[in-house]
Amino acid sequence: MNRQDFPILEKTIYKKYPLVYLDNGATTQKPRCVVEAMSHEYYNVNANVHRGVHFLSQAATDLHEASRETVRQFIGAGKTSEIIFTRGTTESINLVASCFTQAFMKEGDEVIVSQMEHHSNIVSWQLAQARCGIRIRVIPMTDDGRLCMDEYERLFNERTRLVSVTHVSNVMGTINPVKDIIRIAHEHDVPVLIDGAQSTPHFAVNVSELDCDFFAFSGHKTYGPTGIGVLYGKEKWLDRMPPYMGGGDMIKTVSFEKTTFNELPYKFEAGTPDYVASTGLAKALDYLSAIGMDKIEEHERRLTRYAIEKMQEIEGMHIFGPLGEHINEHDAVISFEVKPLGATKDTPYIHHLDMGTLLDRLGIAVRTGHHCAEPLMRRLGVEGTCRASFGLYNTPDEVDTLVAGIKRIQGMF
Ligand code: PMP
């Protein structure tokens with residue numbers, strides 16, 4: 001789908017193999033229109049935003065604020081004041097972990113996360129734990145990577161202040177039942193942060209319909225530039241949270257005695273924002289909307305099913321995450337390990353690093369390792385996995401190339 005919009009996909013790897021890019025979970029490639037919109041801004045509009053009276057500054061400010069409106073529409077938020085530009089999902093989560101805990105949590109209060117979180121949704125809470133003694137509770141999961149919802153309900157008590165879970169697992173592709181997660185939390189009057197890093201690129205997200213209290217995602221995983229991300233937050237929380245960082249743009253007045261803070265969303269946007277990246281992000285979101293998120297979802301789901309089917313035919317293959325009757329809960333991320341040809345039940349799996357390195361020699365880019373989810377690796381009983389993750393431009397032919405590559409490597413051991 002739309003491969004011609006992504007010049008990098010034309011690349012030949014090691015002067016021999018056409019690039020098969022299956023590392024979209026780490027970052028997506030950029031369509032030409034995103035790069036062109038950014039270079040156009042640098043060449044024609046560039047000036048610092050918000051504080052300038054001159055023509056270019058106002059033009060740059062208009063572009064930056066128009067991008068905020070594009071983001072608002074894309075995720076179905078009610079107000080642009082609830083859209084905060086950050087550097088990415090990590091910064092968005094850290095902002096909440098820092099400012100929400102400061103405003104609403106004290107020693108012994110609890111945050112609920114899940115077994116399958118990315119480190120950014122674990123370590124940020126551990127930093128808060130070190131600062132103010134909060135406790136972290138963990139939703140367990142089944143062996144096939146689905147959250148135990150009964151156990152989740154049992155984690156709530158009078159000290160629970162926040163739930164922070166990922167929408168889609170970056171390792172197993174599990175699509176979590178976030179609507180239920182949010183409903184249950186709200187029944188306990190507890191707000192919810194959704195880590196949307198791996199959902200926003202793959203299917204339509206509507207924060208108003210979800211009714212989540214916070215939602216985080218990254219530009220670079222959504223076909224936009226690096227260095228920009230988004231935190232959506234309900235005004236009722238953001239208003240009562242202290243600023244994250246001090247500096248320009250986030251103030252109303254400053255004296256050595258007392259400083260007052262700017263209104264939302266600027267209270268959380270200290271310093272010069274990446275106003276060119278915001279343009280790039282808006283362009284990327286417009287690009288996705290023009291294709292249609294439903295179409296992207298359908299294409300990627302079909303591709304994922306095809307890949308799982310073909311990979312399951314490989315001898316000695318083990319795929320992580322929901323399969324079989326739960327295949328509908330499996331998004332476009334496939335973690336796997338595979339044994340050598342002719343292996344017995346005691347033969348160890350081929351090391352993920354060997355598999356990844358040898359696939360690379362065939363021009364196939366996958367990710368290997370713990371995927372910034374070490375607690376999940378421990379739960380799965382592995383040190384790491386090999387992960388193929390799809391984007392809108394991947395094709396069944398590329399899946400065939402991956403499968404052929406895995407089989408060829410199997411024969412080498
Ligand atoms: N959460 C999840 C689920 C992710 O997959 C990632 C990126 N791998 C992150 C958070 C962090 O995103 P970023 O590095 O863009 O801040």
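Bear in mind the structure is a predicted one, so any value in this text is a computation, not a measurement. Read the numbers this way: they start at 1 and go in the same order the structure lists the ligands and their atoms. These numbers come from the heavy atoms of this one structure, side chains and all, not from hydrogens, waters or symmetry mates.
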Would you mind listing each N/O atom of ligand 1 next to any protein N/O under 3.5 Å, plus the distance?
{"from": "ligand 1", "atom 1": "1 (N)", "to": "Asp195", "atom 2": "OD1", "distance (Å)": "3.3"}
{"from": "ligand 1", "atom 1": "1 (N)", "to": "Asp195", "atom 2": "OD2", "distance (Å)": "2.5"}
{"from": "ligand 1", "atom 1": "5 (O)", "to": "Gln198", "atom 2": "NE2", "distance (Å)": "2.7"}
{"from": "ligand 1", "atom 1": "8 (N)", "to": "His118", "atom 2": "NE2", "distance (Å)": "3.4"}
{"from": "ligand 1", "atom 1": "8 (N)", "to": "Lys221", "atom 2": "NZ", "distance (Å)": "2.8"}
{"from": "ligand 1", "atom 1": "15 (O)", "to": "Ser218", "atom 2": "OG", "distance (Å)": "2.7"}
{"from": "ligand 1", "atom 1": "15 (O)", "to": "His220", "atom 2": "NE2", "distance (Å)": "2.7"}
{"from": "ligand 1", "atom 1": "16 (O)", "to": "Thr89", "atom 2": "N", "distance (Å)": "3.4"}
{"from": "ligand 1", "atom 1": "16 (O)", "to": "Thr90", "atom 2": "N", "distance (Å)": "2.9"}
{"from": "ligand 1", "atom 1": "16 (O)", "to": "Thr90", "atom 2": "OG1", "distance (Å)": "2.5"}

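- Residues that satisfy the side-chain contact (heavy atoms from CB on, under 4.5 Å) test with Asn262, not counting sequence neighbours, are Tyr266.
- Judged by a 6.0 Å distance limit and a 45° cone about the ring axis, Lys339 is positioned over the six-membered ring of Tyr349.
- Aromatic ring centroids of His370 and His119 lie under 6.0 Å apart.
- In this structure, Phe336 has its ring center at least 6.0 angstrom away from the ring center of His352.
- Qualifying side-chain hydrogen bond (donor to acceptor under 3.5 Å, both in side chains) partners for Asp5, counting only residues two or more places apart in sequence or in other chains: Asn2, Tyr287.
- Scanning for side-chain hydrogen bond (donor to acceptor under 3.5 Å, both in side chains) contacts around Thr174 gives an empty result, with sequence neighbours left out.
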